[in-house]
Amino acid sequence: MKALITGITGQDGSYLAEYLLSKGYEVQGIIRRASTFNTSRIEHIYESPQQPGRHLDLHYGDLSDTEALSNIIYNVKPDEIYNLGAQSHVRVSFDMPEYTTNITATGTTRLLETIRRSGNQIRFYQASSSEMFGSSPPPQDETTPFNPRSPYACAKVYSYWMTKNYREGYKLFASNGILFNHESPRRGETFVTRKVTRAIAAILAKKQDLLYMGNLAARRDWGFAPEYVEAMWKILQVDEPDDFVIGTGETHSVLEFVTKAFEYVGLDHEDHVRVDPRYFRPTEVEVLIADPSKANRKLKWKPKVTFDELVKIMVDSDMRANGLEAIGKGDAILRRRFPKRWWGKD
């Protein structure tokens, strides 16, 4: 089997690449050209072009470039395409709405149209988001109306419906995975959970003293990213294309995450955390809670890592990254939950 991943250098893309490689796939990834290396999350699995029999290959491309995408898909001839590439930072999407739309929304259309024109039997996975539900009352499942509250969420709603439209209109095997928040030590450094755990490690290392946050009352359904990429793969293995909500079914506030992370290392968050209005969104999403019953039933997928365990895993990792000795409870959790772990470094 051959898979093509957009956004392979991101958190989800790197874990998905490792997961597919563990299953014997040949993995092809699309990366943006940059003057500095932007492949740190996949360096440990990268294989040079000179290596014979390699199973991972990278191609320069961009979701804004139809010709590049067409050439890659034509030459690679993948069996599966996972569209994980996006401008995915919700707060930034308010500052860059046009760019967010071009990449996160129209980029999906470019991929779907290329698949349609190719005539090949390619299975397509669209990375949809719980942000699409916006202000719709929780819990949210596959039948909950979308009520997006950001340019990012609006772009994801567009991609969701385009995926469904191509599935119904052109009989493509095109499915949406509506993933709720999923975190890990590879989470982008400006996303709220990683912002917190990095700051804690920096405070312990005497590199900073204060952490500035936005809306601490917002509540999210948080899971562990490696488990969610397994769900992505499962979504493309069912007999018929469909849409699935992926989440834990629990919700916790940003303040809960902050409090537990600081308590884990013996600090009081009130001594170090300050609220700065500049980090608030113009329109906020207050509560997201997944109802993953359909995925539990049809995909046989259920998460293992709890909210408390996720916090410990991420804090331990960022402590090590700052040259500190990790407390180690997060490492023990990973060994217990995943005795045959398929991904590499945190």
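Counting begins at 1 with the first residue of the sequence.
- Using a cut-off of 4.0 Å between Lys/Arg side-chain N and Asp/Glu carboxylate O, Asp65 and Arg33 are scored as not salt-bridged.
- Using modelled atom types, one side-chain atom of Ser136 and one backbone atom of Pro145 make a donor-acceptor pair closer than 3.5 Å.
- Leu4 has its side chain within reach of Ile73: a pair of non-hydrogen atoms, C-beta onward, lies under 4.5 Å apart.
- Ion pairing between a basic and an acidic side chain is recognised when a charged N comes within 4.0 Å of a carboxylate O; Glu18 and Arg186 show such pairing.
- Between Phe124 and Tyr166, the gap from one ring centroid to the other reaches at least 6.0 Å.
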> Under the ring-ring contact (aromatic ring centres under 6.0 Å, His included) criterion, do His89 and Phe191 qualify, and how do the steps go?
Replying inline: CA-CA 7 Å; His89 197 288; Phe191 287 81; 5.0 Å; yes
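- Ser128 contributes atom OG, which lies 6.5 Å from atom CZ of Phe146 (distance to the nearest 0.5 angstrom).
- Under 3.5 Å, the side chains of Tyr46 and Thr39 contain no donor-acceptor pair of N or O atoms.
- Annotation: ring-ring contact (aromatic ring centres under 6.0 Å, His included) contacts of Tyr19 (sequence neighbours excluded): Trp233, Trp342.
- In this structure, Arg341 contributes its side chain and Gly344 its backbone to a donor-acceptor pair below 3.5 Å.
- The number of heavy-atom neighbours closer than 6.0 Å to CZ of Arg336, taken from other residues, nucleotides and ligands shown, is above 12.
- Residues Asp331 and Ala326 approach most closely at OD2-CB, 4.4 Å, considering heavy atoms.
- In the hydrophobic clustering of ILVMFWY residues, with side-chain heavy atoms under 4.5 Å counting as a link, Met132 and Val92 come out apart.
- Here the shortest heavy-atom pairing between Ala231 and Ile246 reads CB-CD1, 3.9 Å.
- Annotation: the span from Phe180 atom CZ to Asp291 atom CG amounts to 8.5 Å, rounded to 0.5 Å.
- Checking side-chain atoms of Asp316 against main-chain N and O of Gly330 turns up a donor-acceptor pair under 3.5 Å.
- The shortest side-chain heavy-atom distance between Leu236 and Phe173 falls under the 4.5 Å cut-off.
- Taking Glu131 as the reference, Arg281 meet the side chain to side chain donor-acceptor pair (under 3.5 Å) condition, with sequence neighbours excluded.
- How far OH of Tyr15 is from CZ of Arg41: 9.0 Å, rounded to the nearest 0.5 Å.
- When all heavy atoms are compared, the tightest approach of Asp209 to Ile203 is O-CD1, 3.8 Å.
- Phe133 and Val254 are members of different hydrophobic clusters when ILVMFWY side chains are connected at heavy-atom separations under 4.5 Å.
- The side-chain tip of Lys77 points at the ring of Tyr74 from less than 6.0 angstrom away and within 45° of straight on.
- Looking only at atom types and distance, the side chain of Ser293 has no donor-acceptor partner in the side chain of Asn296 under 3.5 Å away.
- At distances below 3.5 Å, not a single donor-acceptor pair connects side-chain atoms of Thr9 with backbone N or O atoms of Ile42.
- Across every non-hydrogen atom of Ala290 and Thr248, the tightest pair is CB-N, 4.4 Å.
- Phe224 and Leu288 fall into different hydrophobic clusters, where Ile, Leu, Val, Met, Phe, Trp and Tyr side chains are chained together by heavy-atom contacts under 4.5 Å.
- Residues Trp222 and Val311 form no side-chain contact, since every pair of their non-hydrogen atoms from C-beta on lies 4.5 Å or further apart.
- Between the side chain of Arg274 and the backbone N or O of Tyr212 there is no donor-acceptor pair closer than 3.5 Å.
- Side-chain contact, Ser135 with Asn147: a donor N or O sits under 3.5 Å from an acceptor N or O.
- Side-chain contact between Phe338 and Lys304 is present, with at least one heavy-atom pair separated by less than 4.5 Å.
- There is a path of hydrophobic side-chain contacts, each under 4.5 Å, that joins Val76 to Leu63.
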> What's the verdict on side chain to side chain contact (heavy atoms under 4.5 Å, CB included) for Val192 and Met213, showing C-alpha distance, side-chain angles and the deciding distance?
Replying inline: CA-CA 8 Å; Val192 65; Met213 299 287 291; 3.4 Å; yes
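- To the nearest 0.5 Å, the span separating NZ on Lys2 from CG on Asp57 amounts to 9.5 Å.
- Among all heavy-atom pairs drawn from Met319 and Val265, the shortest one is SD-CG1, 4.0 Å.
- Residues Ser88 and Tyr152 are in side-chain contact: their nearest non-hydrogen atoms beyond the backbone lie under 4.5 Å apart.
- In summary, the side chains of Asp243 and Tyr160 do present a donor paired with an acceptor at a separation below 3.5 Å, with no hydrogens or angles considered.
- Although no hydrogens or angles enter the test, the distance criterion places no donor-acceptor pair under 3.5 Å between the side chain of Ser317 and the main chain of Met314.
- No side-chain heavy atom of Ile122 sits under 4.5 Å from any side-chain heavy atom of Leu172.
- Minimum interatomic distance between Val238 and Ile235 (heavy atoms only, all atoms of both residues): CG2-O, 3.3 Å.
- The main-chain N or O of Glu256 is never found under 3.5 Å from a side-chain atom of Thr259 such that the two would form a donor-acceptor pair.
- To the nearest 0.5 angstrom, Thr108 atom OG1 is 10.0 Å from Ile103 atom CD1.
- Residues Val305 and Val196 share a single hydrophobic cluster, defined by chaining ILVMFWY side chains whose heavy atoms lie under 4.5 Å apart.
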>> Run Lys294 and Val245 through side chain to side chain contact (heavy atoms under 4.5 Å, CB included) and show every step you take.
In response: CA-CA 7 Å; Lys294 182 178 176 180; Val245 161; over 6 Å; no
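- Under the 3.5 Å distance criterion, the side-chain polar atoms of Thr6 are matched with a main-chain donor or acceptor of Leu84.
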>> Arg194 vs Thr197, test: side chain to side chain contact (heavy atoms under 4.5 Å, CB included). Steps then yes/no.
In response: CA-CA 5 Å; Arg194 188 74 194 290; Thr197 58; 3.9 Å; yes
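- Using modelled atom types, no side-chain atom of Gln126 and backbone atom of Ser175 make a donor-acceptor pair closer than 3.5 Å.
- Taking 4.5 Å as the limit, every side-chain heavy atom of Tyr125 sits out of range of all side-chain heavy atoms of Asn83.
- Tested against Thr193 for a side-chain contact (heavy atoms from CB on, under 4.5 Å), the candidates Arg187, Arg198, His182, Arg220 yield a single pass: Arg187.
- Heavy-atom contacts from other residues, nucleotides or ligands closer than 6.0 Å to NZ of Lys329 number 12 or fewer.
- Counting non-hydrogen atoms of other residues, nucleotides and ligands closer than 6.0 Å to CD of Glu67 gives a total of 12 or fewer.
- The closest donor-acceptor contact from the side chain of Asp221 to the backbone of Gly249 lies under 3.5 Å.
- The 12-atom threshold is not exceeded at CZ of Arg117, counting heavy atoms of other residues, nucleotides or ligands nearer than 6.0 Å.
- Relative to the six-membered ring of Phe244, Lys234 misses at least one condition, a distance below 6.0 Å or an angle of at most 45° to the axis.
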> Does the side chain to side chain contact (heavy atoms under 4.5 Å, CB included) test come out yes or no for Glu113 and Thr66, once each step is laid out?
Replying inline: CA-CA 9 Å; Glu113 183 63 8; Thr66 301; over 6 Å; no
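- Expressed to the nearest 0.5 Å, how far CG of Leu211 lies from NZ of Lys195 amounts to 6.0 Å.
- With a 4.5 Å cut-off on side-chain heavy atoms, Glu183 and Asn181 count as touching.
- In this structure, Asp308 pairs ionically with Lys260, as a charged nitrogen and a carboxylate oxygen lie closer than 4.0 Å.
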